[in-house]
2 protein chains.
Amino acid sequence: MDRDRPAAWRTYIEASQRLFTRLEDDLRAASGLSFADYHVLVLLSEVPGHRLRMGELADRLVFSPSRLTYQISTMQRRGLVARQPCPQDRRGSEAVLTAAGLLALREAAPHHLHSVRTHLMDDLDDAEVACLTRIFTRLGRRLREADGGDATLATMPGDD
Amino acid sequence: MDRDRPAAWRTYIEASQRLFTRLEDDLRAASGLSFADYHVLVLLSEVPGHRLRMGELADRLVFSPSRLTYQISTMQRRGLVARQPCPQDRRGSEAVLTAAGLLALREAAPHHLHSVRTHLMDDLDDAEVACLTRIFTRLGRRLREADGGDATLATMPGDD
DNA sequence: AGCACCTACTTAAAATTTGAACAACAATGT
DNA sequence: ACATTGTTGTTCAAATTTTAAGTAGGTGCT
């Protein structure tokens, strides 16, 4: 079984790549939103006040700070979000969901969810969904922890 | 259970993003290769003659043609691959693995595999690996079919 | 207060990716 | 042979992303 693990990894990464590409194409065609746009809107819509600090948003999106700056700037130009100075900390700013942004999300969500169902979920039985959730919940938790704490790769075994 | 499926999807995509970022950082630190570089080297190393047509390589990498052109150009500059005209079809060219490229791969592989084990595989039990493989093998097959024959070929039971 | 050092975000320049247009060739029909 | 259409890969400009500085606030120490 141990020899199958590299194969498992490659299967996973290639199919994921294809899936992301496909879902992004669908989303863009249906709503004009990129994947990143959509995720920003979802995250903001879920949070009280519909606003998040830039840094917090970057963490959740797994984006670099400057990438988020650019991302929010373009969304701001399109009226999907606004940028406001943070009251507590005058260094910071917050991204705030606008009415137009919320509307765009409400418009796009059903298409996107349908797309996710079609391309991924409908093909999975309940046990597989459970397994997927379990694996990636655990993985996500571990990686988030590692990002904060000691992240170094353990010593290399001299295997070849 | 149906309400958990969007959550499952988001868990999966966020953890995947973190994982890819992490593995790429490790790979780059250990070998100076990007994820794309590494993947190109792996694909070429596995194929007879260590050469692939540009189009074929692009398909397997899930890259656009022009992105592959750029990717191969940079690898060519670094001596990891060479570009040769295709004998059968004078329109085409092939990417060929060089000795230096093969060496770079042999050098990088153990680090990378160790990284994959550390960040993903060691955390999964056998049942989870099996589940992961099953899900993404099926998904990959379905998406490849969808990408190719839009209407007529999609429903054909392909013999591979 | 004054000063060294963080932190949060932005900006600027370089690298990468995309998308449309292109050139070279192959395949097909006349 | 010759025009017609489809493939294969490249090129160029524009959009996106990364990397490296820069800016403006905060924090803590004396």
Side-chain angles (χ1 to χ4, degrees), chain A residues 17-18 20-29 32-40 51-78 80-96 147-148, chain B residues 17-18 20-29 32-40 44 51-78 80-96 147-150 153:
Chain A
Q17 217 113 49
R18 263 179 224 284
F20 296 163
T21 306
R22 180 42 107 76
L23 290 173
E24 169 128 34
D25 288 350
D26 277 6
L27 182 60
R28 192 163 251 134
L33 297 173
S34 73
F35 215 65
D37 296 335
Y38 183 82
H39 273 246
V40 168
R51 65 186 56 234
L52 279 172
R53 285 290 291 268
M54 293 296 276
E56 178 61 25
L57 191 50
D59 281 349
R60 299 198 193 187
L61 288 165
V62 198
F63 270 27
S64 71
S66 64
R67 180 177 180 184
L68 183 62
T69 294
Y70 179 84
Q71 174 68 38
I72 293 298
S73 298
T74 71
M75 292 182 75
Q76 194 177 19
R77 272 199 292 283
R78 287 178 292 159
L80 299 172
V81 301
R83 217 192 291 247
Q84 289 180 3
C86 175
Q88 288 81 33
D89 183 344
R90 280 193 312 184
R91 289 171 302 181
S93 47
E94 310 180 308
V96 190
D147 278 349
Chain B
Q17 218 112 51
R18 264 181 223 283
F20 295 164
T21 305
R22 182 37 111 67
L23 290 173
E24 169 129 32
D25 289 350
D26 277 6
L27 182 60
R28 209 183 283 275
L33 296 173
S34 73
F35 215 68
D37 296 334
Y38 183 82
H39 206 169
V40 168
L44 290 179
R51 67 186 56 236
L52 278 173
R53 286 289 293 268
M54 294 297 276
E56 178 62 23
L57 191 50
D59 281 348
R60 299 198 194 188
L61 289 165
V62 198
F63 270 28
S64 70
S66 66
R67 180 177 179 185
L68 184 62
T69 293
Y70 180 85
Q71 174 68 39
I72 293 298
S73 298
T74 72
M75 293 182 74
Q76 194 176 19
R77 273 200 291 284
R78 287 178 291 158
L80 299 172
V81 301
R83 220 192 288 249
Q84 291 179 2
C86 176
Q88 287 81 33
D89 184 341
R90 280 191 312 183
R91 287 171 303 183
S93 47
E94 311 180 308
V96 189
D147 280 348
D150 215 348
L153 294 174

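Throughout, a chain's letter reflects where its sequence line sits, starting with A, and its residues are numbered from 1. What you see below is based on every heavy atom in this structure, not just the backbone, and it leaves out hydrogens, waters and symmetry mates.
Closest to the B:Thr69 side chain, of the nucleotides D:dT11, D:dT7, D:dT18, is D:dT11. The side chain of A:Arg67 lies closest to D:dT18, out of D:dT7, D:dG25, D:dT18. Closest to the side chain of A:Tyr70, from the set D:dT10, D:dT8, D:dT17, is D:dT17. When distances run from any side-chain atom of A:Arg90 to the nucleotides D:dG25, D:dA20, D:dG9, the shortest one goes to D:dG25.
When all heavy atoms of A:Ser34 and A:Leu27 are compared, the closest pair comes out as O-CD2, 3.6 Å. Counting all heavy atoms, side chain and backbone alike, A:Arg83 lies closest to A:Thr69 at NH2-O, 3.8 Å.
Taking atom CZ of A:Phe35 as the reference point, atom P of D:dT17 lies 13 Å away to the nearest angstrom. Atom CE in B:Met54 sits roughly 10 Å away from atom P in D:dT11 (whole-Å rounding). Remark: C1' of D:dG25 and CD of A:Gln88 are 14 Å apart, rounded to the nearest angstrom.
Counting non-hydrogen atoms under 4.0 angstrom, A:Ser93 reaches the backbone sugars and phosphates but no base. Contact annotation for B:Ser64: backbone-only contact, meaning every heavy-atom pair under 4.0 Å involves sugar-phosphate atoms and none involves a base.
Heavy-atom contacts of chain B under 4.0 Å fall on DNA chain C between two terminal nucleotides, which in 5' to 3' order are C:dA15 to C:dA26.
Between A:His39 and A:Phe35, a ring centre-to-centre spacing shorter than 6.0 Å is recorded.
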